[in-house]
Amino acid sequence: MPAADNDVTTVVLEQHKQVVKQLDAVRIATGSARADEFDSLAAMLDVHETAEETVIYPALRKLGDEGTRVADNRTHEEDAAKEILTKLKGLDTGSQDFEVLFGEFSSKVHAHAASEESEVIPLLTSSVFPEERQAMGDAFLASQHS
Ligand SMILES: [Fe+2]
Ligand SMILES: [Fe+2]
């Protein structure tokens with residue numbers, strides 16, 4: 001049986017698709033379903049961003065100045081999004097405040113994922129050997145299931 005395609009770039013892109021679906025699910029849900037969808041999104045983002053911080057950004061920084069710049073920029077975006085997420089967790093998901101702040105949060109998460117796809121993924125593809133990307137993908141998934 002061939003090994004699973006756990007290239008870290010594939011894993012990240014798949015999870016971004018999942019994040020986009022879950023952002024939409026929160027947006028369209030109402031009542032207690034929206035609270036459940038939001039909890040699920042928050043948990044998903046937590047394990048996704050933590051795995052990136054653990055596995056991907058350290059590898060980017062090892063690539064030199066460009067990798068460090070890209071990792072720093074992405075980390076700042078994640079920190080800004082986490083701040084909003086913390087505020088959202090303190091709001092009633094049925095409130096107007098939540099509605100407005102969730103819209104801002106959703107835009108930031110989309111923009112962050114787009115930056116990763118336009119800067120992080122190409123850098124990993126051009127500068128990291130496929131076997132290493134596979135090992136990174138295994139580590140990425142293992143870190144999420146521990
Ligand atoms: Fe990220
Ligand atoms: Fe990401």
Side-chain angles (χ1 to χ4, degrees), residues 2-29 33-93 95 97-146:
D5 179 14
N6 284 352
D7 185 312
V8 72
T9 62
T10 308
V11 173
V12 166
L13 290 172
E14 285 300 317
Q15 292 194 3
H16 283 181
K17 283 188 202 155
Q18 183 64 31
V19 167
V20 167
K21 271 191 206 154
Q22 291 195 233
L23 284 166
D24 270 351
V26 174
R27 190 174 52 77
I28 61 176
R34 177 177 257 192
D36 291 345
E37 291 291 356
F38 176 67
D39 287 348
S40 170
L41 169 70
M44 163 68 186
L45 282 171
D46 184 39
V47 293
H48 177 76
E49 301 302 346
T50 300
E52 288 177 347
E53 287 158 19
T54 308
V55 175
I56 296 181
Y57 299 161
L60 286 182
R61 291 198 164 93
K62 282 191 200 149
L63 298 175
D65 289 349
E66 174 64 1
T68 300
R69 182 191 69 78
V70 170
D72 285 349
N73 288 344
R74 298 299 78 76
T75 304
H76 288 145
E77 289 165 1
E78 285 182 14
D79 289 346
K82 277 181 201 161
E83 242 175 72
I84 304 183
L85 187 59
T86 301
K87 286 184 194 159
L88 282 169
K89 284 178 180 170
L91 295 173
D92 178 342
T93 54
S95 69
D97 284 352
F98 181 91
E99 190 75 31
V100 172
L101 198 57
F102 187 77
E104 190 186 322
F105 178 70
S106 187
S107 301
K108 279 201 182 331
V109 172
H110 275 108
H112 173 66
S115 305
E116 287 180 339
E117 291 173 16
S118 66
E119 291 195 40
V120 175
I121 301 286
L123 199 52
L124 291 172
T125 305
S126 65
S127 306
V128 177
F129 287 114
E131 305 74 38
E132 201 179 329
R133 292 202 306 269
Q134 191 80 21
M136 285 171 71
D138 289 338
F140 192 99
L141 290 170
S143 79
Q144 295 182 315
H145 294 121
S146 57

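A quick note: this is a predicted structure, and the numbers were derived from the prediction, not measured. Basis for what follows: all heavy atoms, side chains included, without hydrogens, waters or symmetry-related copies. Counting starts at 1 for both ligands and their atoms, following the listed order.
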- Message: For L41 and F102: C-alpha separation, side-chain torsions, deciding distance, then whether side-chain contact (heavy atoms from CB on, under 4.5 Å) applies.
- Response: CA-CA 12 Å; L41 169 70; F102 187 77; 3.8 Å; yes
I'd like to know whether [atom1] of [X] has more than 12 heavy-atom contacts from other residues, nucleotides or ligands below 6.0 angstrom.
{"X": "D65", "atom1": "CG", "result": "no"}
{"X": "E66", "atom1": "CD", "result": "yes"}
{"X": "K87", "atom1": "NZ", "result": "no"}

- Does H112 put an N, O or S atom under 2.8 Å from the Fe ion (ligand 2)? no
- Message: Please determine whether E53 has a backbone or side-chain N, O or S atom lying under 2.8 Å from the Fe ion (ligand 1).
- Response: no
- Can you name the N/O/S atom of E49 that is nearest the Fe ion (ligand 1)? OE1
- Task: Would you name the N/O/S atom of E78 that lies closest to the Fe ion (ligand 1)?
- Result: OE2
- Message: Need one value: angle at the Fe ion (ligand 2), H48 atom NE2 versus E116 atom OE1, rounded to 10 degrees.
- Response: 170°
- In E52, which N, O or S atom comes closest to the Fe ion (ligand 2)? OE2
- Heavy-atom donor-acceptor pair, T10 side chain to N6 backbone, under 3.5 Å: no
